[in-house]
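The structure appears below as structure tokens.
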Amino acid sequence: MIVPSHAERVFRPLPQLVIEANVNPHQLSRAHAAAAQDPLAYWEEAAQELEWFRKWDTVLDMTAPSPRWFVGAQTNIVHNCLDRHIATGTKNKLALIWEGEAGDTRKYTYYEVYREVNKLANALRSLGLRKGDRVLLFLPLLPQTAFAMLATAKIGAVHCAVFPGFSAKALRSRIQELRPRIVITADGFYRGGRLVPLKGMVDEALETGCDFVEGVIVVRRAGLDTPMSESRDLDYDAVVRRERWEAATEVMQHDDPLFILSTSEDSGRRKAVVHGHAGYMVALARTLLWLFDIKPTDIFWCTSDMAWITGHSYVLYGPMLAGTTTVMYEGHPLYPQADRMWDIVDRYGVTILYTAPTIIRMLMRYGDQYPAMHDLSTLRLLASAGEALGVEAWLWLYKNVGHSRCPLLDTWWQTETGCCMISPFPVSVLKPGSVHRPLPGISADIVDAQGASVPSGVVGRLVITRPWPSMPLECVHEAGEAPSAWQHGQFDTGDLAVRDEDGLIHIHGRADAVLNIAGHRLSCAEIELALTTHKAVAAAAVIGVPDRIKGEVAKAFVVLTPEFAALEDPGEIIRLLRQHVRKEIGPVAVLRSVVFVEAIPRTDNGAPDRAALKAQENE
């Protein structure tokens, strides 16, 4: 078993694990040294492990407006996720295990996924979609969600997934921003014992200002009697039923876009991050093989929703690139009781579990007896992403789920980075609370306001100091600007961090106007805008405050309109405002508290002075 070293709360890997690891400590040390000396050679070697229609002329071009990787290469990530497996023994391997909240299951081999994806790809082409067109996905975790992403990429179109927990209004703003030709959704899905209708929200979102959407494809998940527009709406099964199960894979250039995801930036505005086929594929494949130590017999379960970058990278594309089996679960981890996750691990023999701190903290509240009810002996690796895991949750997961024998990787990365950037390896000496060191080929620093490195023990901004293959092609603002994520020779992550005495990095939360609620990034500005659409609110400012379960939640400072300021029941107004924000944005926007103030402090340019409010909060 892994035993504590001489240092308190430091854990060393099992000898057998080190022997069997894809990358042992000696190889890891050599990789760090080689990548530091020649990072381009390191990434070129990683790219050689994949198949290309045409190989690159240049590994990295720094002369473009933003860095471009594998310039001149032609590929398609779907070729490496599916097509190449069909010519190997992986063809008949289980690719996808899906479980609905009610317990219904479906399983697909790589060959079956290949056929489903090809049929949908042909259907999308028959609807007139071509390379570069956008398809918006408003889907829960269903097999069809994976098919839709892969089929869209296969024909060279760009998928834009939107979290199905958002409101119709939040969906409409994203549709207007992304301007898709096709929307794919479901009639509804199951979550926490409830039936959540989706198609009606799409109809509401498309009521005004979305005439560019030519069609809506509806997956019949819940069997709801869903109104269908004869001129616009199509049934998913009817669309694919008569299609051929062979489809050509579009040849994509190195910097052709693969997907767009909305996230939030330093200023609190929403932005759209664009990732491409080539570099994203290379970096992702390397993390699966090296960091997650993928073996032919693994069952990989990442619990993220597909609409977040973690879902893109580690529910779908990463496991498919590695040719491993990925698990998707539709429902809530507490339904019907707090052992659902452990029950799934037990029944399917999950070997690698990649989950979120919010889920771990939530399950901790229900006690150790729930993981103890199940056989978790198949697990050999645990990992976490989305925000800092924290020492208490780390130790609980390590002891009660990993049984003090599974390495637990606290990984750091963002929507902009595409894949894991900072993390321990399974063979690393683990220190709870730390995300360890940058992976080989990744260079990071912690700097002060002037950009100078800070010494150990001093909190500063975490920056990435060298280009990496899965960096975004661009980050498109709502206003249409397209600045690079790479500016002045580095990428400012917006996170605060500190190095400890061992040189390991610890994350200290966000430094900007972005909230990280249960691992979901929301801008303060979007919540403030939602508040000010209520007739009781004259002005509003929002900051993040710590939360034991979700890591961070929103606290609002509100100036009431005269009509509501005179009311005697502020509790009722707070209740209404909470409901209103949920309706405007969705349940993910958790408004923990509301404080009524006479005025909102402002910066010189008139924006809410959130720094002043935070300072006031910490006094």
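Everything numeric here is computed off the predicted structure, so don't read it as measured data. Atoms considered below: every heavy atom in the structure, side chains included; atoms not considered: hydrogens, waters and symmetry mates. For reference, positions follow the sequence shown, starting with 1.
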Could you tell me the separation between the OH atom of Y354 and the OG1 atom of T303, rounded to the nearest 0.5 Å?
->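 OG1 of T303 is found 10.0 Å from OH of Y354.
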
Euclidean distance, R174 CZ relative to L136 CG, rounded to 0.5 Å |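 That separation rounds to 10.0 Å.
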
Is the distance between the ring centroids of [X] and [Y] under 6.0 Å?
X: Y329; Y: Y348; answer: no
X: F163; Y: F138; answer: no
X: Y314; Y: F292; answer: yes

Distance only, no hydrogens: is a donor on one side chain within 3.5 Å (strictly under) of an acceptor on the other, for [X] and [Y]?
X: Y366; Y: Q337; value: no
X: N76; Y: T249; value: no
X: D368; Y: W396; value: yes

Which atoms form the tightest heavy-atom contact between V23 and D293, and what is the distance?
->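 Closest approach of V23 to D293: N-OD1, 4.4 Å.
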
Does T325 use its side chain to pair, donor to acceptor, with the backbone of L94 at less than 3.5 Å?
->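 Yes.
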
Do any N or O atoms from the side chain of R130 and from the backbone of R125 form a donor-acceptor pair under 3.5 angstrom?
->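 Looks like yes, one N/O pair under 3.5 Å.
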
Looking at K154, H85, E246, which hits side-chain hydrogen bond (donor to acceptor under 3.5 Å, both in side chains) with Y114?
->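 In the set K154, H85, E246, the residue that makes a side-chain hydrogen bond (donor to acceptor under 3.5 Å, both in side chains) with Y114 is E246.
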
